[in-house]
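Structure first, then comments.
Given the structure is predicted, the values throughout are model-derived calculations rather than measurements.
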Amino acid sequence: MPKAYWVAHVTVTDPEPYRLYAEGATAVFKKYNANVLARGGRFEDLEGTNHPRNVVIEFPDMETAMACYNSEEYQAAKKHRENSGITNIIIVEAT
């Protein structure tokens, strides 16, 4: 089964609630055996609209990635993020 990757591009506008989101989400990612590959590090903006925070998280498969996103625990953490910035998230399956 191919792995899946959660890719997020974020501009944080209110750091305190975003910090609460990040703490809660990290616990959920562990529960779903996710591996954080990149989180807010250095990046080069080559094309399109950029966001200063970029995150790539590896999951065992698409079903696990979607289960994590749709879980009660993640949705509870997400409430802290909803008004704390601009976020674009996709989940992509490896080939």
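- The number of heavy-atom neighbours closer than 6.0 Å to CG of N83, taken from other residues, nucleotides and ligands shown, is 12 or below.
- Note on V36: it clusters hydrophobically with Y21, by side-chain heavy-atom contacts below 4.5 Å among ILVMFWY residues.
- Going from atom CE of M66 over to atom CD of E93 covers 11.5 Å, rounded to the nearest 0.5 Å.
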Practice item. Begin from the C-alpha positions of T11 and R53 and carry the test side-chain contact (heavy atoms from CB on, under 4.5 Å) through to its verdict. Key: CA-CA 6 Å; T11 299; R53 185 169 179 78; over 6 Å; no
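- At a threshold of 4.5 Å between non-hydrogen side-chain atoms, the residues D61 and P2 do not count as touching.
- Residues G24 and A77 come closest through the heavy atom pair C-CB, 3.9 Å.
- Of all the heavy atoms in A25 and Y74, the pair that sits closest is CB-CE1, 4.0 Å.
- Relative orientation of the F59 and W6 rings is parallel, given thresholds of 30° and 60° on the angle between their planes.
- Residues Y18 and P15 are not in side-chain contact: their nearest non-hydrogen atoms beyond the backbone lie 4.5 Å or more apart.
- Side-chain atoms of Y69 and Y32 include no donor-acceptor pair closer than 3.5 Å.
- Residues C68 and V28 approach most closely at SG-CG1, 3.7 Å, considering heavy atoms.
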**Study point:** Criterion side-chain contact (heavy atoms from CB on, under 4.5 Å) on M62 and M1, from CA distance to verdict
**Key:** CA-CA 9 Å; M62 182 66 94; M1 204 172 264; over 6 Å; no
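- Partner Y5 forms a side-chain contact (heavy atoms from CB on, under 4.5 Å) with one of N35, I91, I57, L37 and no other, that one being L37.
- Two residues are said to be in side-chain contact when any heavy atoms from C-beta on lie closer than 4.5 Å; T26 and R39 meet this criterion.
- Summarising the local packing, CD of E16 is surrounded by more than 12 heavy atoms from other residues, nucleotides or ligands at distances under 6.0 Å.
- Residue H9 forms a side-chain contact (heavy atoms from CB on, under 4.5 Å) with just one option from T49, I89, N54, and that option is N54.
- Ion pair K79/E82 not flagged as a salt bridge, since none of the NZ, NE, NH1 or NH2 atoms sits closer than 4.0 Å to an Asp/Glu carboxylate oxygen.
- Atoms CZ and CG, on R19 and D14 in that order, are 11.0 Å from each other to the nearest 0.5 Å.
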